[in-house]
Amino acid sequence: MADNKLEKVCQFLRDAGTYYLATVEGDQPRGRPFGTVLAYDGKLYIQTGKAKSVSKQLAANPKAEICAFKDGVWLRVAGELVNDDDRAVKVAMLDQYPELKAMYDADDGNTQVLYFRSATAVFSSFTAPPETFMLD
Ligand SMILES: Cc1cc2nc3c(=O)[nH]c(=O)nc-3n(C[C@H](O)[C@H](O)[C@H](O)COP(=O)(O)O)c2cc1C
């Protein structure tokens, strides 16, 4: 994904503050609020803990969708969330959200960062045609 498009998606999610991450457990959709987002090495990353149900669901089935809404525009990013054990990304994520350092450490065996693969980002509103970006 071109950096400016990745940055646009990332900035929207940051400005929205909260997005909702949907995963799949068997045939049951699961959703929850999330906030972490990082553009790193041309990819869109999120952060969680390996101990969480969300992490286990993604390990079993990486298909995921996130949705956020701000100022009349909603964004959906749909694709696969892939685990990345690169310590440098974990450090960059925790540096972006220093408040997480009370709960997470790059070397704690729990901190997890995942990036979107084969994903599509769509900005929608009631007043303009959808704008679609492919993430690699
Ligand atoms: C505003 C908000 C933002 C959150 N952001 C994150 C996040 O980025 N990563 C994370 O792992 N949990 C985050 N949480 C906590 C998760 O929503 C919570 O742990 C949830 O239960 C995880 O889903 P699960 O129970 O299916 O594992 C956030 C919670 C709130 C209220």
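Counting starts at 1 for both ligands and their atoms, in listed order.
- No donor-acceptor pair under 3.5 Å is formed between the side chain of D41 and the backbone N or O of K43.
- Counting atoms of ligand 1 from 1 in the listed order, those under 4.0 Å from a heavy atom of T48 are 10 (C), 11 (O).
- Judged by distance alone, with hydrogens and angles left aside, the side-chain atoms of N83 form no donor-acceptor pair with the main-chain N or O of A59 at under 3.5 Å.
- Ion pairing between a basic and an acidic side chain is recognised when a charged N comes within 4.0 Å of a carboxylate O; D85 and K50 show such pairing.
- Between the CD atom of E65 and the CG atom of L21 there is a distance of 10.0 Å, given to the nearest 0.5 Å.
- Contact between Y19 and I46 at its shortest, heavy atoms only, is OH-CG2, 3.2 Å.
- Nearest-residue assignment for atom 2 (C) of ligand 1 (options S55, P33, S53; heavy-atom criterion): P33.
- Closest to atom 5 (N) of ligand 1, if we only count protein heavy atoms, is G35 N, 2.9 Å.
- Considering all non-hydrogen atoms of both residues, R76 and C67 come closest at CG-SG, 3.9 Å.
- Of the protein's non-hydrogen atoms, the one nearest atom 23 (O) of ligand 1 is R32 NE, 3.0 Å.
- For atom 12 (N) of ligand 1, the nearest protein heavy atom (residue, atom name, distance) is K52 NZ, 2.9 Å.
- Looking from atom 1 (C) of ligand 1 to the surrounding protein, the closest heavy atom is T18 OG1, 3.6 Å.
- The protein atom (non-hydrogen) at minimum distance from atom 6 (C) of ligand 1 is F34 CA, 3.6 Å.
- Classified by interplanar angle (parallel below 30°, tilted 30° to 60°, perpendicular above 60°), the ring pair F12/F123 is perpendicular.
- Atom NZ of K101 has more than 12 neighbouring heavy atoms from other residues, nucleotides or ligands inside a 6.0 Å radius.
- The ligand atoms of ligand 1 that sit less than 4.0 angstrom from a heavy atom of V54 are 24 (P), 26 (O), 27 (O).
- For T36, heavy-atom contacts with ligand 1 shorter than 4.0 Å involve the backbone as well as the side chain.
- Residue contact annotation: Q47 has a non-hydrogen atom under 4.0 Å from ligand 1.
- Under the 4.0 angstrom criterion, atom 27 (O) of ligand 1 counts as having a protein heavy-atom contact.
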